[in-house]
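Structure first, commentary second.
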Amino acid sequence: MSMTLRRLSRAATAGLVAAAALTAAAHSAEAADTLGSAAAGQGRYFGTAVAASHLGEADYTATLDREFSSVTPENEMKWDATEPSRGTFTFTSADRIVDHAQSQGMDVRGHTLVWHSQLPSWVGSLGASDLRTAMKDHINGLMGHYKGEIHSWDVVNEAFQDGGSGARRSSPFQDKLGDGFIEEAFRTARAADPAAKLCYNDYNTDGVNAKSNAVYNMVKDFKSRGVPIDCVGFQSHFNSNSPVPSDYRKNLQRFADLGVDVQITELDIEGSGSAQAADYTKVVEACLAVDRCTGMTVWGVTDKYSWRSSGTPLLFDGNYQEKPAYDAVLSALGGSGDPGDPGDPGDPGDGTASCTATYTRTADWNSGYNGQVTITAGDEPISTWTVTVTLPAQQSVSSLWNGTPTWNGNVMTVKPSWNGTLAAGASTAFGFTAAKNGSDAAPTVGTCTAS
Ligand code: G2I
């Protein structure tokens with residue numbers, strides 16, 4: 001689809017997008033019970049990497065749509081996917097993700113424009129002057145196609161070497177254009193889509209170390225010289241060899257203090273259970289502690305499609321079940337948990353038995369009536385219940401069924417006969433016949449208690 005056509009078709013579907021956004025807003029107003037809505041309550045986005053090839057899988061898409069407020073195409077916007085031969089752009093897979101995100105009111109992160117990896121071989125074979133032109137054409141081609149539709153772009157990815165030196169990584173761009181290629185890329189990007197936040201993105205820069213110091217010095221230099229840069233992405237791929245650094249928050253903060261936003265862009269943490277959950281909590285807490293940490297993205301929806309699937313590094317398992325890490329993230333974001341998720345306070349499985357009771361008159365005649373009290377279990381199963389019913393002073397009960405009453409004046413306390421055990425949300429009822437004796441008033445049903 002051409003750039004113009006893409007924008008025209010977006011205008012034509014604007015009503016649809018607006019309706020989806022309204023749905024999303026209504027959903028988030030209900031309760032902060034998803035990652036996206038809880039993060040929104042903290043003024044942040046919560047995103048995930050998405051692969052276009054999985055969007056046809058119902059559970060994948062349902063989980064994506066329910067939980068996340070931002071998406072990053074995992075591979076579909078990379079150079080090999082979008083410009084496999086010079087000047088020929090293909091956006092089919094990336095468009096699929098962007099269109100899906102927009103239909104759900106989600107934001108999109110652009111990943112990535114200039115990177116040494118997933119680079120078609122033709123780029124590496126160009127001479128310096130041609131390479132410079134090709135780099136700018138590539139930036140203009142992608143950013144033009146998605147102009148106004150991407151909240152943040154990873155303009156340059158992973159340009160620094162690992163290890164202690166803090167040196168630049170060898171790549172066609174570095175080797176032929178020199179250090180200045182990063183600055184040229186950012187200047188080109190600013191002109192191509194002035195509304196997009198322009199990010200530098202890297203890994204093993206999450207704590208204070210030689211590599212993050214090198215990035216820090218570059219950002220500081222850019223800010224002092226007016227080179228356009230708005231954000232730094234911290235990929236945050238963690239495992240036992242590369243644990244969540246103890247100075248993570250401090251590192252995010254020092255970058256923020258340079259006057260850029262910081263974003264956690266590719267978060268995943270190998271492990272399981274409470275240890276993994278605790279590590280995720282550290283990451284979320286670090287971001288929330290830094291005002292300019294504007295959002296977090298996990299690098300995939302489900303463990304089964306993770307680039308590190310054997311390390312089960314994500315928030316949903318291979319069956320899309322929420323892991324302890326999910327609960328930890330939701331809780332750290334101030335969310336309240338969602339129905340059906342054992343272990344969340346106030347939710348099913350929180351261990352508190354409860355019930356409610358409501359009264360209706362089911363039959364009525366001159367001298368008497370039949371009353372019915374319906375007992376409904378709360379979000380836990382219950383094994384017994386107790387309800388008090390206070391009758392008007394003149395009235396008297398002649399019979400009662402499906403319950404066992406004890407009397408104290410005109411107050412009857414009713415317990416189950418055979419019907420104490422109720423599943424979560426299930427109901428039972430007892431009935432009684434009362435003589436009016438001159439009072440037609442309704443009895444009062446007191447609090448229902450359960451265990
Ligand atoms: O390596 C993890 C991430 C590190 N930071 C930059 C990210 O862009 C990078 O993502 C990963 C994707 O998650 C993988 O899905 O980048 C890898 C490539 O560098 C992606 O893997 C590739 C496979 O290597 C290819 O064989 C495959 O054709 O994914 C391609 C598309 O499925």
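Counting convention: from 1, in listed order, for ligands and their atoms alike.
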Do Phe89 and His145 have side-chain heavy atoms sitting under 4.5 Å apart?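 Counting from C-beta outward, Phe89 and His145 never come under 4.5 Å.
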List by chain and number: which residues place a heavy atom under 4.0 Å from ligand 1? Glu74, Asn75, Lys78, His111, Trp115, Ser117, Gln118, Asn157, Glu158, Gln235, His237, Glu266, Trp299, Trp307
Taking Asp257 first and then Arg254, would you say they form a salt bridge - that is, a charged N and a carboxylate O separated by under 4.0 Å? no
Under the side-chain contact (heavy atoms from CB on, under 4.5 Å) test, which residues partner Thr384, sequence neighbours left out? Pro416, Ser451
Using the side-chain hydrogen bond (donor to acceptor under 3.5 Å, both in side chains) rule, collect all pairs that involve residues 40-56, keeping only residues at least two apart or in two chains.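 Pairs touching residues 40-56 that pass the test: Tyr45-Gln263.
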So disulfide (SG to SG under 2.5 Å) across residues 49-106, not counting sequence neighbours, yields none
When you look at Leu314 and Thr302, which way does the side chain to side chain contact (heavy atoms under 4.5 Å, CB included) test go after all the steps? CA-CA 6 Å; Leu314 295 171; Thr302 160; 5.8 Å; no
